[in-house]
Every structure is written in C-alpha cells, then in structure tokens.
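In what follows, every heavy atom counts, from backbone to side chain, and hydrogens, waters and symmetry copies are set aside.
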Amino acid sequence: MNIYEVNDIVKQVEGNSYVGRGIVIGKSADGKKACTAYFIMGRSANSRNRIFTEKNGEVFTEPFDVSKVEDPSLIIYAAIRKFENKLIVTNGDQTDTIYDFIKEGKGFREALNTREFEPDAPNFTPRISGMATFRDGDFSYEMSILKSIDEKGSACARYTYDYPSIAGLGHFIHTYVCDGNPIPTFQGEPERVIIPDDIDEFTNALWNALDAENKISLYVRYTDLASGKEENRMINKNK
C-alpha cells in the first residue's frame with residue numbers, strides 16, 4: 001500500500017450509492033489555482049428536495065419546493081462563506097459558527113470545539129468542514145470531522161487536519177463510507193485526490209461519478225492564486 005498515492009476522485013465515489021455530503025480542497029496540477037468543492041446527496045424526500053443557490057459569492061442550500069419541506073433544521077444552511085482571506089465550506093450551520101469565530105479573531109479548530117455531530121440518531125451524521133486561507137499568492141487549508149465516538153452518540157470525537165497546498169493534490173472528506181442502516185460514518189484521514197487544471201474536467205467527472213439516484217447538487221470554485229479571480233460551476237439535479 002502506497003500511503004502517498006493520489007487517486008482520481010472518480011474512483012473514490014463511482015459505484016458507491018451513498019457517500020453522503022463531501023468536501024474537496026486542493027491545488028490544481030499547474031499550481032495556479034485553489035479548488036474548493038462541495039456536494040450533497042440524499043435518500044429521503046426531505047433531503048432530495050434541495051438546490052444550491054449562490055448569493056454574493058456565498059452558497060446556500062435551499063428548498064426546491066417550499067411546500068414539501070418537512071424539517072429544515074439540518075438540510076438548509078450556508079455551505080460556503082468568505083471572510084477576508086478565508087473561504088469556509090461545511091455540511092451544516094457550523095459554517096456560520098466558523099465565520100463568527102474567525103470574524104472575532106479566533107480559529108477554525110476553536111470554533112469547531114463548540115460543535116458536535118448532528119443529532120440524527122441512529123446515524124449521528126458527522127459534521128465535516130474545511131477552510132482555505134489565502135496569503136502571498138498561495139494558500140493553506142484545514143479540514144475537520146466531528147463524529148460520534150460510539151453507536152450511542154455518547155460523546156463527540158474531533159479530528160482536525162492542517163495542509164500546505166501542493167500542486168495536483170487535494171483532500172476529500174465525506175460523511176459516510178457507503179449506504180447502510182445505520183449509515184457507516186467516514187473513517188480515517190481525508191482521502192488524497194488529483195486536482196486537474198480545468199474546472200469543467202473536475203466538475204463533470206465528479207458529478208457523473210456520483211450515484212445518479214442519490215446525488216442532489218454540486219458546487220465547484222477555482223480561485224486564481226495570482227489574481228484572486230474566481231471561476232464557479234454549480235449543478236442542481238432539481239431544475
């Protein structure tokens with residue numbers, strides 16, 4: 001086993017009916033762009049009744065059909081927000097927790113120490129988060145997963161990872177291993193994945209690899225490290 005192997009993200013999700021929600025952060029192979037991606041999947045009608053919307057550079061999950069919303073508490077939130085030189089992406093309302101802490105001069109890890117996994121027994125869905133910090137024409141990034149330490153939800157285990165950006169390398173973290181009942185929680189470190197130079201190549205490959213029945217939305221942002229210019233792609237299954 002080569003622990004330094006970098007995989008095609010297609011191989012990480014293809015044929016897996018349910019990896020849940022996923023975050024990817026990394027640097028393009030040419031070393032010129034930062035990649036941030038977030039996707040959502042869903043099994044229930046309530047989860048599937050969603051779309052991504054973008055407002056002033058921030059990304060939100062919103063109902064596709066408002067009349068069909070059953071419980072908005074864990075499915076409607078800001079997924080991507082920016083504050084100064086920091087880009088935050090998460091799978092829940094901890095986006096706002098991180099944003100508020102950063103605005104007060106505090107840290108990513110400090111913010112997430114106040115949160116835990118989602119209260120959706122028996123799955124106890126992990127909260128996954130990432131934050132890229134841009135500085136001097138480059139960036140570094142942090143990723144986190146908060147998950148139940150046991151099948152009872154008796155306590156929260158917190159894991160945080162800090163990465164320098166390396167050309168062609170990204171890290172991919174998702175909420176679940178695969179489908180199940182209860183759904184098995186993601187295990188181990190964020191997975192090493194290839195980040196191509198072209199945003200459309202990456203977006204289309206990931207979207208097409210996600211399970212057709214359960215995928216809902218995908219958002220990808222490439223940020224030019226020299227100019228700060230952002231290029232975005234957003235796909236919603238519900239149109």
Side-chain angles (χ1 to χ4, degrees), residues 6-10 12-13 16 18-28 33-42 47 50 52 54 58-61 74-75 77-82 86-99 102 108-109 111-112 115 117-118 125-134 139-147 158-163 165-166 169-177 183 185-196 199 202-203 205-207 209-211 214-223 230 232-235:
V6 185
N7 297 302
D8 185 339
I9 197 168
V10 169
Q12 304 300 102
V13 300
N16 189 336
Y18 204 58
V19 293
R21 286 165 274 176
I23 294 171
V24 182
I25 305 178
K27 182 185 280 185
S28 61
K33 296 173 283 290
C35 167
T36 304
Y38 178 58
F39 66 80
I40 58 174
M41 304 179 77
S47 290
R50 288 184 291 174
F52 282 167
E54 185 176 2
E58 299 185 332
V59 179
F60 301 84
T61 63
L74 295 176
I75 66 168
Y77 52 87
I80 297 177
R81 297 189 70 184
K82 287 179 67 176
K86 299 183 186 297
L87 181 63
I88 304 159
V89 52
T90 91
N91 73 328
D93 63 13
Q94 73 268 26
T95 304
D96 295 332
T97 305
I98 298 168
Y99 181 92
I102 296 301
F108 177 81
R109 186 191 298 260
L112 291 168
R115 303 301 306 269
F117 52 86
E118 296 181 357
T125 299
R127 290 190 186 272
I128 55 173
S129 308
M131 185 174 75
T133 299
F134 297 87
F139 74 105
S140 59
Y141 55 103
E142 300 164 83
M143 302 186 91
S144 165
I145 183 167
L146 311 178
K147 57 186 181 179
R158 297 180 170 86
Y159 304 86
T160 304
Y161 305 89
D162 300 327
Y163 299 106
S165 61
I166 303 295
L169 175 64
H171 288 88
F172 173 36
I173 192 166
H174 41 101
T175 51
Y176 305 123
V177 175
I183 318 173
T185 292
F186 179 89
Q187 299 294 318
E189 296 181 16
E191 298 161 355
R192 295 161 61 90
V193 294
I194 298 165
I195 306 295
I199 188 173
F202 180 81
T203 303
L206 178 52
W207 181 252
L210 291 169
D211 183 77
N214 293 321
K215 65 185 178 183
I216 301 171
S217 297
L218 167 65
Y219 185 91
V220 180
R221 175 173 296 174
Y222 272 35
T223 303
E230 296 173 350
N232 306 310
R233 298 290 183 271
M234 183 167 64
I235 302 176

Any side-chain heavy atom of [X] sitting closer than 4.5 Å to one from [Y]?
| X | Y | answer |
| --- | --- | --- |
| Y38 | V59 | no |
| E191 | H171 | no |
| I195 | K27 | no |
| I98 | L112 | yes |
| F172 | N7 | no |
| L206 | L218 | yes |

Hey, does the side chain of [X] reach the backbone of [Y] with a donor-acceptor pair shorter than 3.5 angstrom?
| X | Y | value |
| --- | --- | --- |
| K86 | M131 | no |
| N214 | M41 | no |
| T61 | I75 | yes |
| N91 | I23 | no |
| R50 | S47 | yes |

Pair F139, I25 - check side-chain contact (heavy atoms from CB on, under 4.5 Å), show working. CA-CA 11 Å; F139 74 105; I25 305 178; 4.3 Å; yes
Would you tell me whether T90 and S129 have side-chain atoms, one donor and one acceptor, within less than 3.5 Å of each other? no
Would you tell me whether Q94 and R127 have side-chain atoms, one donor and one acceptor, within less than 3.5 Å of each other? yes
Which atom of [X] lies closest to which atom of [Y], heavy atoms considered:
| X | Y | answer |
| --- | --- | --- |
| I40 | F52 | CD1-CE2, 3.7 Å |
| V220 | A37 | CG2-CB, 4.0 Å |
| W207 | I216 | CH2-O, 3.5 Å |
| R221 | E54 | NH2-OE2, 3.5 Å |
| Y176 | P126 | CE2-CD, 4.2 Å |
| V19 | V177 | CG1-O, 4.3 Å |

If I take atom [atom1] from residue [X] and atom [atom2] from residue [Y], how far apart are they, to the nearest 0.5 angstrom?
| X | Y | atom1 | atom2 | answer |
| --- | --- | --- | --- | --- |
| S28 | Y222 | OG | OH | 6.5 Å |
| Y141 | T133 | OH | OG1 | 12.0 Å |
| Y99 | E58 | OH | CD | 6.5 Å |
| S140 | I166 | OG | CD1 | 11.0 Å |
| T175 | Y18 | OG1 | OH | 6.5 Å |
| R233 | Y219 | CZ | OH | 10.0 Å |

Angle between ring planes, F186 versus H174, binned at 30° and 60°: parallel, tilted or perpendicular? perpendicular
Just say parallel, tilted or perpendicular for the rings of Y163 and Y161, cut-offs at 30° and 60°. parallel
Hits for salt bridge (Lys or Arg N to Asp or Glu O under 4.0 Å) against E118, two or more places apart or cross-chain, chain-then-number order -> R21
K147 to Y159, cation-pi by 6.0 Å centre distance and 45° axis angle: yes
